[in-house]
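For reference, the structure is listed below as structure tokens.
The shown structure was predicted, so the numbers you read here are calculated from the model rather than taken from an experiment. As a basis for the values below, the full set of heavy atoms in this structure was taken, side chains included, without hydrogen atoms, waters or symmetry mates.
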Amino acid sequence: MYEKITPPTSGSKITFKNGEPVVPDNPIIPFIRGDGTGIDIWPATQKVLDAAVAKAYQGKRQISWFKVYAGDEACDLYGTYQYLPEDTLTAIKEYGVAIKGPLTTPVGGGIRSLNVALRQIFDLYACVRPCRYYAGTPSPHKNPEKLDVIVYRENTEDIYLGIEWKQGSEIGSRLISILNKELIPATPEHGKKQIPLDSGIGIKPISKTGSQRLVRRAIKHALTLPKHKQQVTLVHKGNIMKYTEGAFRDWGYELATTEFRQETVTERESWILSNKEKNPNISLEENARQIDPGFDALTQEKKAQIVKEVETVLNSIWDSHGNGKWKDKVMVNDRIADSIFQQIQTRPDEYSILATMNLNGDYLSDAAAAIVGGLGMGPGANIGDACAVFEATHGTAPKHAGLDKINPGSVILSGVMMLEYLGWQEAADLVKKGLGDAIANSQVTYDLARLLEPPVEPLKCSEFADAIIKHFG
């Protein structure tokens, strides 16, 4: 089955049922060390994870690690340009859950990004990025502790699908000609718009299936959170891109109000219900006026639509959601993308789970990570219905490789996400406690040490791992 690697002789496979992992007590988990500083941060990560599992379960559970290869290390073993060998793909498919350090993006032709390739090959449609603050971590913000969000980023669609044509290419020029001469004139809402002939051109697909499976996973996650954090915000630019980003919002609401009808309430529904709770005799029209401040300036047709909306909500969910019962439901709302970038800084404690399309989620997750201490402290996971890969969110930093210097926090916290995904919460909690206490005691690597006031003597990468373990308690 494998050309150059051999699975562990002990351990069992993780299987999947209805999109969720079925985990044995001794799972075999493939790991990719990573390029550059992966040589330092993976050993530190493995040491911490193994120590946490051993302490939490006293030998009743353990991970059998299976080394597989990708990136530059794979090329050293398998040959030039073999960045993602078949052995590695087979192992991840067979064992279901994997964890990886940072990988180099190949220069030149072939795979554009190993991370993107893995997501697309295994249909890892949900990129999950928690952003929470650990006390003592240097931050450019006054109150970084107020931010505690989880970004659910759609991983397989949007412009990251990579369907584009270079300016001046034959196919690109043909496509522009067809759009300009046939398709745009045949669509009245586009008026006299034309694409400049010297454009590069790309395709932005957003599907109902892709949107709803992401929102489904986000809502399921919200249901596991404390009541005050049970909220999902659909992030979009639907005011401009109505049939892609606007559709993402609409499909998200549709899923929430059908598949999760008893567990969710939309923000707009909560306003309608709340208005009737405050004034049981409120008319449908007055309720509509209160949920839409511009109601009186609308056309009669639009007014009638909003009144009908109010009537439908009250008729369909008053019994199940009214009289304050909606307050115990998962709140589903939406925000324009540029607005949410501001609000995670000015009103961060108002948000919990942010469900986004691919590009918006890429920007937003990095921006949120910066508030709580940077990508060195940012974990990540890519999750599908039959596979999950947990990963560092930062680059390879090759100039620091082998110096035992870099912060392993991103991969360690990705390991925490992996433990939680396995259902091993006790071990995950030990790592979070150990890491948090180490940082609170200024036992940190150079990237954080140099930002502390006053500065402290930094720990080596391996020493940081030891400090985390000592703080398990």
Side-chain angles (χ1 to χ4, degrees), residues 125-126 149-155 157-158 204-223 225 229-276 284 287-288 290-295 298 302 304-322 325-340 343 350-361 364:
Y125 59 84
V149 301
I150 304 166
V151 178
Y152 264 76
R153 167 191 171 196
E154 202 291 318
N155 239 350
E157 300 187 332
D158 205 350
K204 179 188 175 73
I206 303 292
S207 75
K208 183 174 184 177
T209 298
S211 299
Q212 291 194 333
R213 67 180 182 174
L214 176 86
V215 176
R216 177 181 297 112
R217 201 167 269 280
I219 292 174
K220 285 183 176 180
H221 193 151
L223 286 165
L225 298 178
K229 296 294 288 182
Q230 291 191 356
Q231 176 180 287
V232 174
T233 300
L234 307 170
V235 178
H236 62 92
K237 195 66 177 163
N239 55 330
I240 304 299
M241 291 168 276
K242 301 182 184 301
Y243 304 132
T244 51
E245 307 230 351
F248 173 84
R249 174 203 59 205
D250 295 343
W251 291 327
Y253 278 131
E254 178 186 287
L255 179 91
T257 57
T258 53
E259 190 170 320
F260 294 94
R261 178 66 282 180
Q262 293 306 309
E263 295 86 8
T264 66
V265 65
T266 71
E267 186 173 50
R268 198 165 168 92
E269 288 172 343
S270 75
W271 297 341
I272 294 170
L273 295 169
S274 180
N275 288 339
K276 183 172 176 60
L284 296 177
N287 200 324
Q290 290 188 25
I291 69 169
D292 200 316
F295 182 83
L298 298 175
K302 185 63 177 175
Q305 289 176 359
I306 300 175
V307 170
K308 184 63 176 178
E309 175 192 358
V310 171
E311 182 180 27
T312 300
V313 168
L314 293 176
N315 287 341
S316 61
I317 65 170
W318 174 258
D319 290 342
S320 58
H321 291 59
K325 291 193 285 288
W326 61 270
K327 296 177 183 177
D328 291 327
K329 311 291 185 182
V330 174
M331 173 66 73
V332 180
N333 56 22
D334 74 276
R335 297 292 182 268
I336 300 297
D338 46 325
S339 172
I340 203 71
Q343 292 189 37
E350 294 183 13
Y351 296 97
S352 176
I353 292 180
L354 307 176
T356 88
M357 286 154 290
N358 212 330
L359 180 62
N360 291 335
L364 188 57

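Atoms OG and CD, on S211 and E157 in that order, are 6.0 Å from each other to the nearest 0.5 Å. Here CD of E154 is found 7.0 Å from CD1 of I206. Values are rounded to the nearest 0.5 Å. Atoms CE and NZ, on M331 and K329 in that order, are 12.0 Å from each other to the nearest 0.5 Å.
For R268, the salt bridge (charged side-chain N to carboxylate O under 4.0 Å, His left out) partners are D292, E309, not counting sequence neighbours. A247 is linked by a side-chain contact (heavy atoms from CB on, under 4.5 Å) to W251, counting only residues two or more places apart in sequence or in another chain. The side-chain hydrogen bond (donor to acceptor under 3.5 Å, both in side chains) check on H236 picks up D334, with sequence neighbours excluded. Residues meeting the salt bridge (charged side-chain N to carboxylate O under 4.0 Å, His left out) test with R217, sequence neighbours left out: E20, D385. The side-chain hydrogen bond (donor to acceptor under 3.5 Å, both in side chains) check on E259 picks up R216, with sequence neighbours excluded. Every residue two or more places apart in sequence or in another chain that forms a side-chain contact (heavy atoms from CB on, under 4.5 Å) with E311 is listed here: L284, K308, N315. For D328, the side-chain hydrogen bond (donor to acceptor under 3.5 Å, both in side chains) criterion is met by no residue, not counting sequence neighbours. Under the rule for a side-chain contact (heavy atoms from CB on, under 4.5 Å), the partners of N239 that lie at least two apart in sequence or sit in another chain are K237, I336. With sequence neighbours excluded, the residues that form a side-chain hydrogen bond (donor to acceptor under 3.5 Å, both in side chains) with K208 are E254. Under the rule for a side-chain contact (heavy atoms from CB on, under 4.5 Å), the partners of A288 that lie at least two apart in sequence or sit in another chain are F295, I306, V307, V310. The ring-ring contact (aromatic ring centres under 6.0 Å, His included) search around Y125 returns none, not counting sequence neighbours.
A side chain to side chain contact (heavy atoms under 4.5 Å, CB included) with V265 is found for one member of V330, V332, L273 and no other, namely L273.
In this structure, S270 contributes its side chain and E267 its backbone to a donor-acceptor pair below 3.5 Å.
Residue pairs meeting the salt bridge (Lys or Arg N to Asp or Glu O under 4.0 Å) criterion with at least one member in residues 243-253, sequence neighbours excluded, are K204-E245.
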